[in-house]
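The next block holds one structure in the form of structure tokens; read it before the comments.
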Amino acid sequence: SWNSAGPGPVTSIAFSPSGYVGFAVGSARGTPPNLFLSRDHGATWDKEESTKFIPVAVAVPSDNVAYVVCMSGVLLKYSDK
């Protein structure tokens, strides 16, 4: 069955190859997009610290690293090490 599982509306979502870590770009009505992190295969999502950049896309090549492309063209690297 389908259940609402995270932030919405979501414009970009990606998981690490293990599926354990996921990042999503989403926003509430009329607010700038935020970055959300899941460390339990997408069962729960937590809002990450805001930056001055607006995230638009995300890639998660490992459980410890993610890259976020921002609207301005800036590339951010998230590291959990």
Side-chain angles (χ1 to χ4, degrees):
S1 68
W2 292 96
N3 297 307
S4 178
V10 171
T11 56
S12 180
I13 190 169
F15 283 87
S16 63
S18 72
Y20 179 71
V21 174
F23 279 86
V25 176
S27 64
R29 286 187 200 161
T31 63
N34 291 297
L35 192 61
F36 295 86
L37 170 63
S38 174
R39 289 192 170 107
D40 56 8
H41 302 275
T44 61
W45 295 88
D46 295 311
K47 183 178 168 186
E48 284 296 289
E49 270 187 50
S50 296
T51 70
K52 63 182 179 178
F53 303 105
I54 299 172
V56 294
V58 63
V60 188
S62 75
D63 286 345
N64 300 314
V65 174
Y67 296 95
V68 179
V69 178
C70 299
M71 188 175 288
S72 64
V74 169
L75 179 65
L76 300 176
K77 180 181 179 183
Y78 174 91
S79 179
D80 194 26
K81 287 187 174 185

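Residue numbers count from 1 along this sequence. Because the structure is a prediction, the values reported are computed rather than measured.
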>> Under 3.5 Å, is there a donor on one side chain and an acceptor on the other for D40 and S38?
In response: yes

>> So, taking the atom named CZ in F36 and the one named OG in S12, what distance separates them when rounded to the nearest 0.5 Å?
In response: 13.0 Å

> So how far is it from L37 CG to Y78 OH, rounded to the nearest 0.5 Å?
Replying inline: 5.0 Å

>> Applying a strict under-4.5 Å side-chain criterion to I, L, V, M, F, W and Y, I'd like to know whether V58 and M71 cluster together.
In response: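 Different hydrophobic clusters.
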
> Do V60 and L75 belong to the same hydrophobic cluster, where Ile, Leu, Val, Met, Phe, Trp and Tyr are linked whenever their side-chain heavy atoms lie under 4.5 Å apart, directly or via other members?
Replying inline: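 No; tracing contacts between hydrophobic side chains, which count when under 4.5 Å, never links both residues.
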
>> Looking at every heavy atom in both N34 and P55, which two are closest together, and how far apart are they?
In response: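 Smallest heavy-atom distance, with atoms named: C-CG, 4.1 Å.
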
> What pair of heavy atoms forms the shortest contact from A59 to A14, and how long is it?
Replying inline: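 Smallest heavy-atom distance, with atoms named: CA-CB, 4.3 Å.
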
>> Going by salt bridge (Lys or Arg N to Asp or Glu O under 4.0 Å), name the residues that satisfy it together with D63, two or more places apart in sequence or in a different chain.
In response: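 Expected list: none.
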
>> Per the ring pair (Phe, Tyr, Trp, His ring centres under 6.0 Å) rule, what does the pair list look like for residues 47-69, sequence neighbours excluded?
In response: none

>> Please identify which of these residues, L76, I54, V74, meets the side chain to side chain contact (heavy atoms under 4.5 Å, CB included) condition with V68.
In response: L76

>> The test is side-chain contact (heavy atoms from CB on, under 4.5 Å); show your working for L35 and F23 and say whether it passes.
In response: CA-CA 7 Å; L35 192 61; F23 279 86; 3.9 Å; yes

> Is it true that R39 and D46 have a side-chain N and a carboxylate O under 4.0 angstrom from each other?
Replying inline: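 Between D46 and R39 there is no salt bridge, as every charged N stays at least 4.0 Å from the carboxylate O atoms.
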
>> Assess the residue pair V65 and K77 against the criterion (side-chain contact (heavy atoms from CB on, under 4.5 Å)); give the C-alpha distance rounded to whole Å, side-chain angles, the decisive distance to 0.1 Å, and a yes or no.
In response: CA-CA 7 Å; V65 174; K77 180 181 179 183; 3.9 Å; yes

>> Just to verify, what does Y20 make a side chain to side chain donor-acceptor pair (under 3.5 Å) with, not counting sequence neighbours?
In response: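 By the side chain to side chain donor-acceptor pair (under 3.5 Å) rule, Y20 matches no residue at all.
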
